[in-house]
Each structure stands twice: as C-alpha cells, then as structure tokens.
> 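Below is one structure. I have some questions about it.
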Number of protein chains: 2
Amino acid sequence: MFKRLLTLTGSLIAAMALGAVQAKPLPQEDLSVAEVLRDRALESSDAYSIVESLTVEVGPRRAGTEGDRRAVAWAQQKMKALGFDRVYTEQVEVPRWVRGHAHAEVIAPYPQPLVVTSLGFGVATPEDGLSAEIVEFADVEALLKAPPEQVKGKIAFINKRMEKARTGEGYGPAVQGRSRGMRAAATKGAAALLLRSVGTDSDRFAHTGMMAIDNIENPVPALALSAPDANLLEAMLKRGGPVVVRLDVDNERLADGPSFNVIGEITGRERPEEAMVIGAHLDSWDEGTGALDDGAGVAIVLETARLIAELPVRPRRTLRVILFGAEEIGLVGAKQYVDAHRHELDNIIAISESDFGAGKIWRFDTRLPENKFDIADQMMQLLAPLGIERGNNASSGGPDSSVFVARGVPAFGLYQDGTDYFDYHHTPNDTLDKVDPENLRQNVAAWVVISFLAAEMEGDLGRIPTKTD
Amino acid sequence: MFKRLLTLTGSLIAAMALGAVQAKPLPQEDLSVAEVLRDRALESSDAYSIVESLTVEVGPRRAGTEGDRRAVAWAQQKMKALGFDRVYTEQVEVPRWVRGHAHAEVIAPYPQPLVVTSLGFGVATPEDGLSAEIVEFADVEALLKAPPEQVKGKIAFINKRMEKARTGEGYGPAVQGRSRGMRAAATKGAAALLLRSVGTDSDRFAHTGMMAIDNIENPVPALALSAPDANLLEAMLKRGGPVVVRLDVDNERLADGPSFNVIGEITGRERPEEAMVIGAHLDSWDEGTGALDDGAGVAIVLETARLIAELPVRPRRTLRVILFGAEEIGLVGAKQYVDAHRHELDNIIAISESDFGAGKIWRFDTRLPENKFDIADQMMQLLAPLGIERGNNASSGGPDSSVFVARGVPAFGLYQDGTDYFDYHHTPNDTLDKVDPENLRQNVAAWVVISFLAAEMEGDLGRIPTKTD
C-alpha cells in the first residue's frame, strides 16, 4: 500500500481519506474468465446433486445430534471429492437439546387435536400434561403490556400473521413472538406459550425455530401452532367463552457438546493467506431434511468452488468455503470462528453466505466502502444478464456473515427470491422436492462471478465501519 | 299414468316402449323460479358458514368415534336451524377402529425418520416394532406377480405416483395400491406394506384411507408414506444395497358400534312421499377437520335446501337431504339406507351427492334414461351461465349415490374442479382454509337449480338399467 501511495497526487490522497477514490478497476481478462465461469454454471453446474446427496444420505442434522455428526463427515468427504485443496474442521461447543413429543388439544368447548411443535430448547410440561384457558395477544408487545392477572396461569396465545414477500421482510416483525414470546409469557406467570407459526403457508405444519432462552428463571413450555390450527383457536375464541387447551410436551436439555465448522479451501496462487469466504450452514432443524435451509446453500457454495477449482490456475487468493455449524441455534459456529480467528479477519477480503432457500437470485446487495462501489458495478455487468438488479449497500452477507460484517469484513449479498421460503422454513416439509435444479444453476452462475472476481482481484475491498469504530 | 296413456296414439306408445319418447318439458314458470334461486345463491348463499361451523365446532369425525357422535348432534341442530320441516336419524352399524401411533424410520444405510400414517383399519406391529428390508414395486399388480421369495419377510413398498387431473381420474388407478395392497402383501408373506400416498401433492403429509380388510388371514401393518418420503426411499434404493426400515405401529380394532344417517326434509306440497334426494357424507377421516371431504359437500346441500325452504311454497315433492354416515369406511350408511328402504326406492325421483371438495362446478353429468335427456337439456340452460358444460350420462351421482344408482335410481352429477382435491384428501391438511366461499356460492347456485327442478317437476325421470336388469 505504501509504495502505491507514493505515486498518488495530493488531491487523490485527500479523496481517498474521504472514501471517494475509485478502486482500481478489475481487468478485462478477469471479467472474461468470470463470464466463462458464469456461462458454464448456467449450462452444466450441478448443485442439485449435492443437495440431493445431503438430504438423502444425511437428512435432519440439528447441531449436536447424530445427524449433525453424519453431516460433518459427509461435508468433508464431499469437499474432497469436489477437488478442494484442503479440507479441515474446527470444533465448536454447542448447546444441546432433545425433542420429545408435543401433543396439544382443545378440550373445551370443542374438543379437537391441534398440530403443534416445540420451539427450540423449549421445556417439558409436567408428566401428565397441563390444561389451561388460552388468552390471545396480537403480538409479543401486547403480551408484554398485559396486566399479569390477565395472563397468570393461562396459556398465552400470540396470534400474529406473517406477511409474504419476495424479500422475506415479514420475518423480522413476526419472529419477535418466537424469539421473545416465551420469556414474556414466563415473566407474566403464564402456564405456557402457544404461537401462531412464523410462516407464510396455510398448511398443517408448525414451524419450529430458536427462542431466547438465557436468564429466564422459570421457563414455560412453548409451542408453535400450524396456521390452520391458529385459525381454529381464533374461530373458537370469536364465539366467546373460555377455550381450554391441554398440552403434553416432553423435551430435555443436555450438557453442551461438540459440533464443527467444516472448511474447504481452493488455495490461492499468490496470497494463500488471504481469502474470499463463501459460506452456508451445515446444520438444519430436525423435522425436515433441511433442503432449503440450508442444503441448497451448501450445494450452491460447494458447486461454486468446484467450478473455480476446475480452472487451469488457482485464483490469486484462497477461496474458502465455510460450512458453519449450529447456525440455527444462535450463529454458534460463526461466532466461535470469528472469535478464534479475530486476529486474521483482515485477511478476509469479503464474505458472502447462501441461506435463503433455492429461489432465483434477483438482487445484488453489498456492504462495501463507498470507494469500492466501482468493483460492484463491474460485477453487476456480469450479473445483470442473469436477471439480477443492483440493490443496496446494507447487506449483512447472510446470518453467519453478519458476525464477520460486525467486525469490519465487507460482504456481498446475492438475494434470492424468498416468496415461498417461509412456506417451508423450519417445518417437516423442508424437503428436496421444493428445490428446482434450474434455479440452482442460476444461483451458482451468480456466485461464481463474485467469488472468482473477489478471490482474483489485485486490490482489496477495504474494511467497513463497525459499531465500535 | 293409465289416464294419460289413454290419450296417446299407438305410435307414441310404441316410441315410449323403445324409450325414445320425449319427456314432458319443464314449464317456464319452474325454470323462472330456478333461475331466481340460482341468482340468489350466487349473490347471497352462505354455505361457507356451515362448513366453518362443522370444522370448528366438530372437526374430525371418523365413523364410530366421539367426533362422529358430535357431528350427528351438530347436523340435526343445524338442519333445524336452517328451516327443515323434518329432521331425523337412522342408525347404522359401523366397524370401529382406534388409530394409535405410527412411527417409521430408515435404519440403514441412511438413518432418517419417515412421515407415515396407518391406512384405515391397519393392524399394529409387535410392541417393540419390526425392522425389515424394503422391496419396491411399481404397483399392486407387480406385487401380485412377484415370486413370494422376493417378498417374504420384507416390507413391500408400492411406489406408484398419482396423476393430477381436473377430473380426479388419476385416483382410480392409484387407489388400487391402497385398497388391495395390504392383502397382496399379506398373501406374499410380507412383513408390512409401505405405500406411496394416494395423492397429488408434494407435501410431507401421508394420505390415509380405507383398505379391503375382509377375509385376510394374517393382515400386516399397512402405512402410507408422504410423497417426499417415498422419494427418499426411492433415492436410497437407486444407490443400490439394502434399505432397512423400522416400523412401530399401534392400532386397535373394536367391536362394531352405532353411527347414523342424518336426514332432513323439506316436505313436498303434493307428493310428500316422493323425494329428490341430495346428499353428502357427514363422517370424515380423523387427521384433518374434513373441510373438503366432505364438510364442503355437507354445507352445499344444506344451503341448497335452505334456499328452497325459503320459497313461499314447498316444491311438489319432498327435498330430502341425507348426510350419510360412515362413507369413508365403505359406504356403510348408504348401503344400509338402501337396504332398509329397498321397497321405497321408486319414490326417489333422482339422487345426487356433493363429495369432491370445494372447487367450482364445471360439468353436468347425468344418469338418466335417454328419453329424459330433454330435462337435463333444460337444466343445462340454467347451468351454462355458471360456466358449466354438459358432460356424459355415466354419472354415479357420487360415492353414496352409486349404491342407489345400482338399484335403478337416476342420478345427477355436478362435477367439481378436482385439480387440487387430492393434494389434501385424507390428510391432516384437509382444513377450512382450503375452502373458497366464492366457489361454494357457484356450487349452491348449480345445486339449487337441479334440486328444485327435480323436486318440482310433474313427471318423473324413469328408472335406469341395473346390473340385474
């Protein structure tokens, strides 16, 4: 950097200080290679066979379970078969939990069974179950505002619907009930929490997912209801009079145990210690086979790396694929990775993660210093023919990536069409048949463009401001 | 009849004997009333609130269960509230069965849980389950042709896909595996039957339904797999090597018990002993709330009768609504009705049943003597504006109606669009949210036309040939 600065004029130095200097443009030869890779991906990439393999040969793989261990073995084997130069794991400690049964039924006024599932790390009911009247709240805020005597001893029913959107933007508001509802219910003295599933389908599947569980003195059982079952309770409540529900739930918390980040590298030819990181998470929830969440992401980034490994020469930097462990239960693998590698994060030119299903990519977001926007513009020239538009510069890069972004690592965000993603998210219905091989080819085509160009580029992408800056 | 014959010429008498005589046309005033009823149904009929009431206040109602008893009480109360002149029940004896749990999992080579459900009246496994290799068959015919040594001790896996069609015509071929598969498996010495669900969805729901169970010496456990789970087994088998599945099923057969046909009548003003019969079945399978099968049908025929009861005068004949008991487990209510009333079947001018979900009606089929086609043509003039086309003369009138048709009773068939019907059929996902109130109004509009005109017409619709004729 010093040598280059010597050749700059004073005004340019001033402009750089203001973040306004242009990045050195990517050379045409790099763009040409990226274009060839893109078109090869469109024609013949086969991420589908990777997600098929993961869902058939491993299936459910919640962090800390047997399935997780099988997934870790599968991932290492797959990376080796795909031509990675180096494959290794890094152990992380994860909280563990056993899902038992979860039965719920209306016992008055209209006896009917309900389809429910325990939210992640939820506690059991007493062995012979519990029965209580339900009390409905529009959202977790309403529950938090309720006088305790309205809630005490009852089952709090949070009945908030999630809006469907291509961006998935309905998730943020809806997921509050899942992340904070149990704590709110416990604090108010409720007997349990029933939550309208955080999802956009109208199928008889309850959507599981993580709750905030730390520092809650008396946690209570917490269950998601399928949308049709939430409708049923709503309809019964509208008729007036008490609605009494019986719950019978058995779960068990275990001591923490090991899981792993699985890491594969295409070693850089000039600066192997520097890396472009692309990622996905290897763990899944336990009721589906994790095809969309996040088998598709695993397949997309692995196939991207395979295409780059097939080039006659390695890119300048290392391309590092991290399959994060224990994303679902709190970004555990990403947090421990960033912590373990905190002194090497400046070697990561940028990060991006695929974790939003298997829809087509429609938008290219970034998180770059302003003076690097030109690089994104050049990437856009190759992405636009894939039907991708330029988005904003507020990307988190994906859930696990956000931990890196918080430490200043730049990020790319290849935004998938998530219209249907929350129809299947965290349900038994997250299975391979929801994945369209054609969409995956379009994904890999976009991923290979940004991955190759970032790994190959001569300059860097700077750092982005962090909260502590 | 004798008096009218006296006025006929010889050639007309000969033509009648050949069945070629034209029916007396329906008078314009009847058609005008029917048109008013039709338009009133389109504007303001509310079958939706009836199916809402049934699914919320009763829900699952498999024949012979507590839910069934509640449904019978509900139906009588609803008929009275809707203005029927006479409401009564007729007891029928039904086979009974308790559904316990049904767990299945692949234990080798790729351990994974499977989503399954017991087929109706299936037997239990030994208390500690059973494990066996699966052996795949394209359909029940292939299983029947297999050498016993290929099947003995294994789990027969019938992997036939059902075709999706507006007519539902894929059901007939696909349902063979369900109705005959367990017998075939038992005869070949299989340990159990696994059946790709008879359904057209790709969701993680297994479709239950009735099997032939009589006169099978050593019945074996029989389970339906959801489509994604059948895909999973298929994918594992394609990799070669044995696939071993463990089953743990608990069901119990009970002694026969009572259920009921619930009958409501709008009494005819001139010939009360004669009746136009419209029906649906009150029972449902036990895992959904029976919204499409057959809550929608119950609602459509009840609302049809309500509209006719609101007329200033009763139609000439009685309009009889029969809500059949125990249709799902073998047309039990219909068979016992026809048997109990075998000497009065000639008083039934025609029958029709609504039992194909809640889609729009698109075709008008009949089962009439040829010399009554003119009546159907007149009805068609009022049905065509609803988007309904004329179909064939091979209608069964619906499942329960077919028992009447076999005894010579003419039938009408208002054919619904069944494209999505088998996505939900016999699954937990058969719930109210799948019902579109607008479609129900179109249904009632069509039903009220044929119901009123048949109840009101001066002449009859003859008898149709039966197998014993």
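Proteins get letters first, then strands, A, B, ... in listed order; numbering begins at 1 in each. Atoms considered below: every heavy atom in the structure, side chains included; atoms not considered: hydrogens, waters and symmetry mates.
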> At their closest point, which heavy atom of G295(B) faces which heavy atom of L54(B), and how far apart are they?
CA-CD2, 3.9 Å
> Minimum heavy-atom separation for A47(A) and A299(A), please, with both atom names.
O-CB, 3.2 Å
> Nearest heavy-atom pair of V56(A) and A235(B): which atoms, and what distance?
CG2-CB, 3.7 Å
> At a heavy-atom separation under 4.5 Å, does V58(B) approach chain A through its side chain, its backbone, both, or neither?
backbone
> Would you give the length of the straight line joining atom CG of L194(B) to atom CG of L233(B), rounded to the nearest 0.5 angstrom?
6.5 Å
> Please name the pair of heavy atoms, one in G357(B) and one in A296(B), separated by the smallest distance, quoted to 0.1 Å.
O-CB, 3.5 Å
> Distance-only criterion, 3.5 Å: which donor-acceptor pairs connect chain A and chain B?
| from | atom 1 | to | atom 2 | distance (Å) |
| --- | --- | --- | --- | --- |
| E52(A) | OE1 | R239(B) | NH2 | 2.6 |
| E52(A) | OE2 | R239(B) | NH1 | 3.2 |
| T55(A) | O | Q112(B) | NE2 | 2.6 |
| V56(A) | O | Q112(B) | NE2 | 3.0 |
| E57(A) | OE2 | R239(B) | NE | 2.8 |
| E57(A) | OE2 | R239(B) | NH2 | 2.8 |
| Q112(A) | NE2 | T55(B) | O | 2.6 |
| Q112(A) | NE2 | V56(B) | O | 3.0 |
| S202(A) | O | K434(B) | NZ | 3.1 |
| S202(A) | OG | D433(B) | OD2 | 2.6 |
| D203(A) | OD1 | N429(B) | ND2 | 2.6 |
| R204(A) | N | N429(B) | OD1 | 2.9 |
| R204(A) | NH1 | E287(B) | O | 3.3 |
| R204(A) | NH1 | P428(B) | O | 2.8 |
| R239(A) | NE | E57(B) | OE2 | 2.8 |
| R239(A) | NH1 | E52(B) | OE2 | 3.2 |
| R239(A) | NH2 | E52(B) | OE1 | 2.6 |
| R239(A) | NH2 | E57(B) | OE2 | 2.8 |
| E287(A) | O | R204(B) | NH1 | 3.3 |
| P428(A) | O | R204(B) | NH1 | 2.8 |
| N429(A) | OD1 | R204(B) | N | 2.9 |
| N429(A) | ND2 | D203(B) | OD1 | 2.6 |
| D433(A) | OD2 | S202(B) | OG | 2.5 |
| K434(A) | NZ | S202(B) | O | 3.1 |

> Hey, which of G59(A), G67(A), G288(A) has the most heavy atom pairs under 4.5 Å with chain B?
G59(A)
> Who among A227(A), P109(A), P111(A) has the most heavy-atom pairs with chain B under 4.5 Å?
P111(A)
> Please report the shortest heavy-atom distance between L323(A) and A75(A), naming the atom on each side.
CD1-CB, 3.9 Å
> On a heavy-atom basis, which atom in V116(A) and which in A104(A) lie closest, and how many Å separate them?
CG1-CB, 3.7 Å
